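To keep things clear, I will list the structure first and then write my remarks on it.
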Amino acid sequence: MRTGKEPQARYWLPGQGDWLAAWKYPPVARVSEVTGIQFSVGKSGKIAVVALLAPVMLDDKRVQRVNIGSVRRWNEWDIAPGDQILVSLAGQGIPRIDEVVWRSTQRSKPVPPEGRFNSLTCFYATAECQEQFVARLVWLGANEVLGLEGIGEAGWRELHQVYRFEHIFSWLGLTQEQLQSTFGISKGEKLWHQFNLSRDLPFTRWVIAMGIPLTQATLNASRDGSWQQLQERDEQSWRQLPFMGEQRARQVIQWLEDREVTALSNWLAAQRIAGFMP
DNA sequence: AGCTAGGTTGTCGCCTAATG
DNA sequence: CATTAGGCGACAACCTAGCT
């Protein structure tokens, strides 16, 4: 619920913008029409729902989309294109839905993607996996993971489209020439350099890049420096680490046994990445 | 109850591409 | 060749779900 400091009446102004502009203070919340609903699949397979809005100014910020959350939450809100919703800025300017002001009469909601994705899917590229696969690439390139500077979502999409990656580490096999022909001489060379630097990163970074379901603290505490060490742990051994409960332990073990995951591990071994070679 | 990870948003600055 | 426009990546802040 809203922390309603302002009188409700302020939201229900006829004529909208003009009247509000005359108000002594800039409006903290405004009504906008939902123009569409967008679904996205993240690296863990979670589906996020976003409402696309007719642009409105909120405290000098131009707002044209707002996060709804999970599919469950979206169902609770019951929002469809054509509806009018009240939006405000949370804290330093993240848009937030306050309430549905008005629901369209003829409503048709788009169908969300099936919830068949999870943290064990889409290490390998398939047509259905496109979204999660790209999300994995974007994430593994981030600073805290492999620190691949200069490439983001658009870049990964481009590379994947041109060279048809088999799995999330296929980019390691690209040549300098290939990168330069896609991104230009200068940027291509920089990227090639970044890719090569990543090869020398410590084992931990690469395990994180693979998406191992452990918290940072747990991984640090384990002090495991090789794939073999990870595999030698049994459930009891995992449970002894901080932040490890029954579920988490099960998850890691399942992850370590996963066919695609072990295939990736072997592939990294062939690439002579630290900690993966037997 | 508390914490972490993962997900989202708009803005800013850099680099590339295009135009005169 | 210089200048402008646009796209992309990086960033900080916030929210929720899930697990301990």
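Quick caveat: nothing in here was measured; it's all calculated off a predicted structure. Within every chain, numbering begins at 1; the chains are lettered A, B, ... in the order of the sequence lines, protein sequences first and strands thereafter.
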Measuring from the side chain of A:R73 (C-beta onward, heavy atoms only), which nucleotide among C:dT16, B:dT11, B:dA5 has the closest atom?
C:dT16

Could you tell me the separation between the CZ atom of A:R136 and the P atom of B:dA5, rounded to a whole number of Å?
16 Å

Quick one: which of B:dT9, B:dG7, C:dA10 gets closest to the side chain of A:V50?
B:dT9

If you only use heavy atoms from C-beta on, which nucleotide in C:dT16, C:dC14, B:dG10 is closest to the side chain of A:R65?
B:dG10

Roughly how many Å is it from CD in A:Q251 to P in C:dC19, rounded to a whole number?
6 Å

If only side-chain N and O atoms of A:R248 are considered, is one of them under 4.0 Å from the OP1 or OP2 phosphate oxygen of B:dT4?
no

As a test of understanding, state which of A:T126, A:T121, A:N118 forms a side-chain hydrogen bond (donor to acceptor under 3.5 Å, both in side chains) with A:Q132.
A:T121

Taken to the nearest whole Å, CG/A:N143 to P/C:dC11 is 5 Å

Whole angstrom is fine here: how far is it from NZ in A:K46 over to C1' in B:dG6?
6 Å

Length of the line joining A:I94:CD1 and B:dG10:P, which is rounded to integer Å
8 Å

Taken to the nearest whole Å, CD/A:E189 to P/B:dC15 is 14 Å

Find the distance A:L214:CG to C:dC19:P and express it as a whole number of Å.
14 Å

Using a cut-off of strictly less than 4.0 Å, decide whether A:S186 has a side-chain nitrogen or oxygen near OP1 or OP2 of B:dT16.
yes

